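Please read the structure below before turning to the comments.
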Number of protein chains: 2
Amino acid sequence: MNAPLNGRTQQYHHGDLRRALLNHAAAAISESGVAKVSLRELARRAGVSHAAPTHHFGSREGLLTALAAQGFHALADLMHNAQEQTGDFAEMGVAYVQFALSHPAHFEVMFQPHLHQGDDPALLAAQQRAGELLYGAPTLPGTETRDAGIAAWSLVHGFATLWLSNALPAEQGTPPEQRARQVIRAFLDGRNNGGLAANDS
Amino acid sequence: MNAPLNGRTQQYHHGDLRRALLNHAAAAISESGVAKVSLRELARRAGVSHAAPTHHFGSREGLLTALAAQGFHALADLMHNAQEQTGDFAEMGVAYVQFALSHPAHFEVMFQPHLHQGDDPALLAAQQRAGELLYGAPTLPGTETRDAGIAAWSLVHGFATLWLSNALPAEQGTPPEQRARQVIRAFLDGRNNGGLAANDS
DNA sequence: AGCTGAATCTTGACATTGACAAGATGCCGT
DNA sequence: ACGGCATCTTGTCAATGTCAAGATTCAGCT
């Protein structure tokens, strides 16, 4: 009973409990919200004793901090790819929304500083990396204003947040990415003064 | 020791504990976040026994639900006033941001459905009232698109959220309302195709 | 191979919390 | 005055986060 060999299954000391706990945490949070997630429940799901999580993360705050850091890295990766593949500015916004909707638990934890231990170096590094990608690159096509970048970020962040909060009026089953694209386009169409309207639907 | 007479001080059975608890909750949440707020601590601050809060709100979820409802009503009031006083569309957005920044605890609770008991009639009513004001009125000046309204809401909501998350790059002590105004203007300037640019600074 | 130290996990314990039940207390209308 | 009722208290229980101490496995070194 000591053969992992594939890296995914569990060996005795469980092998890579840290990742397993993070995965279970993400799943549990997206189901029930951060509030209702307990370390002991995660331990149960992972099949370990109740104090095992504490060893890896120090505390509940520590686990959420790790989740947040993981989230910022994942977001940075995704934005990086979107930036290289499609230079399109709108598509970067769509990518941001897609991240939020496909990783709701991470997204929920990432932007609630009260849940973090703010001095964690891993979190700070991840935040900075994501921040540079979000804030360094986005000089909006026609505008050099710093405020326009913040506006764009606010737009996609707000849309994602509102969507996840179920606050947006239901539009008969339109897939979220499409609605995000519409909204972002409604934002961008105003810019680039009217002339060269986007027509690739 | 039985004279309230002014409605603010506490009489014996404390008089209006419900409101007091909501106030303490809002204060505690804006200091330490929702996660670290306990009914018992609120009871202590209010000077009542540990089970008193449960009687008024049924559960922790119930208290947060009441807070959220209160928040939606306050937001609706504020948007209503902003709409009547200044017909300016941008100022309504500024009002939205101002609400979020001046009532961070309410704002934090309002958009986390996991914290609510979703079937609470008071919450549903408050949500609907705010929703009508946020979504019914905002037909953007030059645009009839529904998406533009959502874009505007997303913008201000995202800005407020990011600000409260401390995610926005610090701009040497510029007051938030001013930055909100700048960002909203950066958003609106693009619209109204260039020609009739806004000039009321 | 064998040993030693470190990492990982378990067991046990304690204070705090949310929730419930049952009782006490003050208020209000009749 | 009195009876009903909302309000609040006291007592209790299971669940949780956290800590301490011990057990088990692993990794590196000789």
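Everything quoted here is computed from the prediction, not taken from an experiment. Lettering follows sequence order; numbering is per chain, from 1. The figures here come from the full heavy-atom set of this structure, side chains too, leaving out hydrogens, waters and symmetry mates.
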**OP:** Specify the separation, in whole Å, of atom CG of A:Leu39 and atom P of D:dT16.
**Re:** 10 Å
Original post:
Does the B:Thr86 side chain pair with the main chain of B:Glu91, one donor and one acceptor, at a distance under 3.5 Å?
Top reply: no
Original post:
Which pairs count as side chain to side chain donor-acceptor pair (under 3.5 Å) when at least one residue sits in residues 92-104 of chain A, sequence neighbours excluded?
Top reply: A:Tyr96-A:Trp153, A:Tyr96-A:His157
Original post:
Backbone N or O of A:Arg18 within a donor-acceptor pair of the A:Asp16 side chain at under 3.5 Å?
Top reply: no
Original post:
Is the backbone of B:Leu115 close enough, under 3.5 Å, to the side chain of B:Arg60 for a donor and an acceptor to pair up by distance?
Top reply: no
Subject >> Residues from residues 51-69 of chain B lying under 4.0 Å of DNA chain C - heavy atoms >> reply: B:Ala51, B:Ser59, B:Arg60
**OP:** In whole angstrom, give the distance that lies between atom NE2 of B:His50 and atom P of D:dC13.
**Re:** 13 Å
**OP:** Report the distance from atom CZ of B:Arg40 to atom C1' of C:dC20, rounded to the nearest whole Å.
**Re:** 12 Å
Original post:
How many Å lie between CG on A:Leu115 and C1' on D:dG17, as a whole number?
Top reply: 15 Å
Original post:
Applying ring-ring contact (aromatic ring centres under 6.0 Å, His included), which residue pairs with at least one partner in residues 48-86 of chain A are found, sequence neighbours left out?
Top reply: A:Phe72-A:Phe111
Original post:
Ion pair present between A:Arg129 and A:Asp77, side-chain N to carboxylate O less than 4.0 angstrom?
Top reply: yes
Subject >> Side-chain N or O of B:Arg44 closer than 4.0 Å to phosphate OP1/OP2 of C:dT17 >> reply: yes
Original post:
Rounding to a whole Å, what distance do you find between A:Asp16:CG and D:dT25:P?
Top reply: 18 Å
Original post:
Under 4.0 Å: is that the gap between some side-chain N or O of B:Ser49 and OP1 or OP2 of D:dT10?
Top reply: no
